[in-house]
Structure formats: structure tokens, C-alpha cells
Amino acid sequence: MAKPERQLAMVMDLNKCIGCQTCTIACKRLWTRDEGMEYQWWNSVNTQPGRGTPRDWESMGGGFREGKARPGRMPTAKDFGEAWNFNHEEVFFGGKGDKVHLEVKGEKPDWGPNWDEDQGAGEYPNAYYFYLPRICNHCTHPACLEACPRKAIEKREQDGVVLINEDRCRGYRFCMEACPYKKIYFNHSKSVSQKCIFCFPRVEQGVANACARQCPGRVRFVGYRDDKEAPIWKLVDKWKVAIPLHPEYGTEPNVFYVPPIAPPRFDENGNADMSKPRIPDEYLASLFGPKVFEALATLKEEMAKARAGEKSELMDLLIAYRWNEMFGGLDRDPATIEWVET
Amino acid sequence: MKANYVSGGRAASMLDPDGAAWKDARSETISMIGTPLGLQPTEAIRASWSDKSIGAVSKVSVAALHDGKQLAFRLEWDSPTENREIGDTTAFPDAASVALPARKDAPLITMGMPGSAVNAWYWRADDEGKARQVVAEGLGTSRTVDTNLVAGRGVWKEGRWAVVLSRALRVASDEPVAQLAPGEKAAFAVAVWEGSRGERGGIKAFSQNWRELTLQPLPTKGNS
């Protein structure tokens, strides 16, 4: 695999995510409405701490350890959470009045893609949680691409987007085992693997990804890693406050996260207790590695500066006063383009 | 092995694994081995199969017939479960293929090499009726070249698969595929994937070496 000339990347500010799933639905409406894609959520948002989507994906292996491929497990349809069918017909047209209520038809599900929403961890008044949106990481060292025996996965030279060629894919799913983020889905109708395409048909027209553009919280920045004028480079390389999820998986993701700063803890008298963080350090380090502390320190320092009335480039960037400046120039309005479905 | 000539109604039943043509066709039992771990094309596959055995099917009974136009192979093997549906992400279909060298010197163990292709006729249980013609020129290079020239049908009964794969002796194709003729010698090999064991791609049982196949000459005119 040749190193791509440029690399598209995304930064998600976890301090701003409100878990509204607008990104999830934007993606679903655009890309995964066909038969065989019912259960696919190329974009998902889960509550942390939590078991995630697919269920317990962090314990499924894959990726690399000390540079060597680490065997991975395949998530089942139940782990992903199957698409449920509801008894709409019966409720709305069955003439049964209030004797029926909306419910899932058939077997009662015990898991879904957002099953443990808002559960989190900790005890009142110091309970905590935050939301973690995830897409394919379009890794620099993609385990999926390297696992495929059919060379059906490519990393595009012009922008580093990782794509599955459905004409070459034969549905062997070695990629699903190898991806440590478990962000590849099997299409049961077409018998091929599918995943987030980083909205490449939009990006090619200068339009940011649907998940980013639709985000009401201004969580997502998009752009090229090497564009020093744009927010991605500033957040990742200059300020170093955006870091990858599970860097120990060894795939070098190109999606980065600004780690969450929770409100202070309360002591038994109900007073703010600043002596230790509400979200345990170990937990954040287990997700983002040790660099999370440096990122949090920088964030706190700059927040303090801004509070004191000083200028902070970092805070201005993260506040994102003008939302279409978050996209590294990919700010074209999709409504100005005539899209053709192929 | 010999591919005997059949004609008339018997030839017409050649595509059916239970067809009359196969009733008295001579079959040979071929021993199979798993493909070597070291030859799996990616490190991830080698890592995840290093502690698992490859090649669940240890023998396949093979027979072949031709009718002057089509060559058909019938493969039969033990498979305790009929894995036709993928159903869940973790389930894989059973499959079988017959490989033929497109050129005499094509190495089987590496699925050909650049410039010397192996041609495979491939049937998969979830794709019933849509067998593929595949060409490979080395490990990890197999590609489907057409889906309409090879016919494949599988019948699973009482713990055994019977699968017929057939193709015209000669086909018009720009791809390096085997071209055959009555009265000539050819070579073949077979491979079987046991879906219930997660076998797919290069993870399969195969017949180790090329075997000779003699296509019976057409009967001389007036003598048939």
C-alpha cells in the first residue's frame, strides 16, 4: 500500500456531543437505506462507559500488537443489534384501541445499537457519562485492508479514504474480524462487506460529510491533515488536544477526539470537590491512551485563559463561531449541487 | 481419471447431481489436505488460523463426463450440515470448485503464477445456480471472470453434498481459461470449503496435485 498523498481526517469534540443521534440519522438516510443494510449504522453514538456497538466490541481483538496482526473475533448480528420490526399496523389500524401498544414484533430483543444509553457509571451525585460518536477511522494502517485476501479494500491515494470494492469483495469477512473498531458490516442481501465511505462523493464536490454538516452541536471538524490553515491540523498537531481512540490497536486512526472534561465532583456536603476528576483518569486513559492527560491539561489551561478574558485560539476553534469554518474548505452547500443517484 | 462420453438423454441429465448420467459413471476417491497456513495470503488470516485446523473435508468422490460440448464434474463429500444460508455474520456457506491449469505449467499450490493462470469453476451453496468462472495468477489474485459460462448445482442429502460443475469444453473468452477437447488429456484438481468451520477464501481442503483427466474421444460417425 502506497502512502496516500493527502489524508482526510475528522475531529470530534466530545465536550459538545449531546447524544442526539442526528449524525447517525443523517448517515442512515443518505447511505444505508437499501435492503441488507437495515442493521448497519456506519455512524453510531454510544454512552461511555458502556458496552458500545457492537456489544463489547473493545474485547473482540483485531488490529495490531507490536506491529503484528492480532486475531480478532466477528461480531454477530445480535451483537450489532438487529433492525427491529414494530407492530405499527396493529397499533394504528388494528381497531384495538389502548389494548395494544407499540412493541417489537417477534422475539423480544435484549440488545440494540444504543441499548445502554445514558446509563454510564458512578454513584449519585457523582455519576458520569459522555457520548462517543464513531465512524470508520480511515486508518493510516488499516487492519481491514491488510487482512483482505482479495485486495478488495483500497486506501485512496488522493485522500486516504478507505473503501471496499464491492465488485472484488466476496463476503469472506476477514476484514470484519481484523478491524479492531468493529466498524465493518456484512450486507446479507448483496453478500459483501460495507462500511463508512467518509462521504467521498460529497467530499469530492467540496461538501463536508453528512454527519459533520448535520451536527447541531458543532462537534465535528473535517479536513486534510496537512492543511495548516484549517482546524484539523491545529487541533491534532499544533494544540495536540485531539487524539485517537484506542491508539494501542496500532491502526493509526484518522478520526480524533477532544476528550471530555466532566463537571467537578461533589463532596458529602454538596460542595465542589476539585481534588479528583469525576471521570476517572484511568477510564479516559483506557480509551485514549496516556496522551489524554496532556490534552486535558491544555484544554483546562486554555479554558482558564478564556475565562480570565484572555484570547485563546484553541477555545475560539472549539467554540466554532462560524460552523462552516469547521470543514477545512469543504464548505460547499450540497443544495447547490444537482446530485444523481447511480 | 477418465471423462467418458455420454449422449442423448443421459447427456441431458449431466447437470443434475442425481441425474441418470451419473448412475454408472466411474468415480474416484481423492484425498484432500488443508491449504498450508504459511501460504495464506495475509498476516491477519495466518494469525487467526494458526491454532485452528484447515481443511475439514478429507476426501471427495469425483467423476467426470462430457457430451462433446460440455464437460461436467460431479463431486460428492461428507458434510454433516447443509450450510446454504449466511444468516448471521458468523456463518459461512459450503462451497466447492474444480481447478484446471490454463497453461500446462501452472502451479496448483500457489493458484498459478503471473502469466500462467489457474482456472477454477466455483460453486457456493448460497449462490445456487450462479456458479462462477475464476482465474488466479498467484496467491490472493483470484478474480471472477464470468458468472454465466459455468453451471453449478448442489444437492445435500443425509449428510452428503453432491455438486455438479460444468462448462463448455471450449469457450470464447479473453481470459486465461482452460480450453478442452474430446480425445485430449487435461489436468484438474478439486477444493472444498466446509462453511460450518468458517472455511472461505484460501482456507479450504484441496487435492494437493494436478490429476490427469482423459476426455474420451467422440465416437466415430456411423458407430454411435
Side-chain angles (χ1 to χ4, degrees), chain A residues 1 36 39-40 54 60-82 141-153 165 167-180 182 184-194 250-251, chain B residues 35 37-52 54 83-95 97 110-111 120 122-128 130-147 193 195 197-204:
Chain A
M1 186 186 73
Y39 83 109
Q40 298 189 18
M60 288 183 182
F64 305 92
R65 186 176 279 157
E66 284 157 13
K68 293 229 161 45
R70 181 167 70 125
R73 193 153 63 75
M74 187 103 67
T76 63
K78 278 212 155 61
D79 290 333
F80 281 110
E82 287 162 297
H141 190 190
C144 58
L145 182 151
E146 294 185 20
C148 178
R150 296 188 50 78
K151 301 183 177 77
I153 305 185
N165 178 339
D167 294 326
R168 282 208 56 75
C169 176
R170 287 291 280 133
Y172 296 151
R173 289 159 268 165
F174 292 113
C175 57
M176 288 177 70
E177 291 176 342
C179 172
K182 302 301 165 195
I184 301 182
Y185 298 82
F186 184 65
N187 182 316
H188 290 272
S189 182
K190 291 169 85 176
S191 288
V192 294
S193 293
Q194 297 179 317
T251 63
Chain B
T35 46
L37 184 75
L39 289 185
Q40 300 306 326
T42 71
E43 196 199 330
I45 298 175
R46 293 191 293 274
S48 54
W49 282 81
S50 63
D51 56 353
K52 286 182 255 182
I54 300 173
N83 304 110
R84 270 200 192 272
E85 298 291 325
I86 293 179
D88 203 341
T89 47
T90 48
F92 294 90
D94 294 325
S97 84
T110 57
M111 286 297 280
Y122 177 84
W123 164 92
R124 203 164 88 179
D126 64 323
D127 251 356
E128 184 62 50
K130 286 186 282 181
R132 290 162 179 261
Q133 181 150 241
V134 171
V135 161
E137 293 179 281
L139 293 171
T141 65
S142 68
R143 59 196 168 89
T144 301
V145 294
D146 56 71
T147 52
W193 290 260
R197 298 274 289 269
E199 293 186 353
R200 76 275 199 195
I203 305 288
K204 62 190 176 188

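Chain letters run A, B, ... following the sequence lines, proteins first and then strands; every chain starts at 1.
To the nearest 0.5 Å, atoms CG (B:Asp88) and NZ (A:Lys78) are separated by 8.0 Å.
Contact annotation: the side chain of B:Ile86 approaches that of A:Ser191 to within less than 4.5 Å [non-hydrogen atoms, C-beta and beyond]. B:Glu43 places none of its side-chain heavy atoms less than 4.5 Å from the side chain of A:Glu146. Two residues are said to be in side-chain contact when any heavy atoms from C-beta on lie closer than 4.5 Å; B:Thr89 and A:His188 meet this criterion.
Relative to the ring axis of B:Tyr122, A:Arg170 does not place its NZ or CZ within 45° and under 6.0 Å from the centre.
Each of A:Phe186, A:Phe174, A:Tyr185 has some count of heavy-atom pairs under 4.5 Å with chain B, and the biggest count is that of A:Phe174. The candidate with the highest count of non-hydrogen atom pairs below 4.5 Å against chain B, out of A:Met176, A:Lys151, A:Glu177, is A:Glu177. In terms of non-hydrogen atom pairs under 4.5 Å with chain A, the most contact-rich of B:Gly202, B:Ala44, B:Gly198 is B:Ala44.
Of the atoms belonging to B:Arg124, it is side-chain heavy atoms, and not backbone ones, that fall under 4.5 Å from chain A. For A:Glu82, no part lies under 4.5 angstrom from a heavy atom of chain B.
B:Ser142 and A:Arg150 form a side-chain donor-acceptor contact under 3.5 Å, judged by distance and modelled atom types alone.
Around the CD atom of B:Glu85, the shell of radius 6.0 Å holds no more than 12 heavy atoms that belong to other residues, nucleotides or ligands.
Residues B:Arg200 and A:Tyr172 approach most closely at NE-O, 2.7 Å, considering heavy atoms. For the pair B:Pro93 and A:Arg173, the tightest heavy-atom approach, listed with the atom from each and the gap, is CD-NH2, 4.5 Å.
Side chain of B:Ser48 to backbone of A:Pro71: no donor-acceptor contact under 3.5 angstrom is found.
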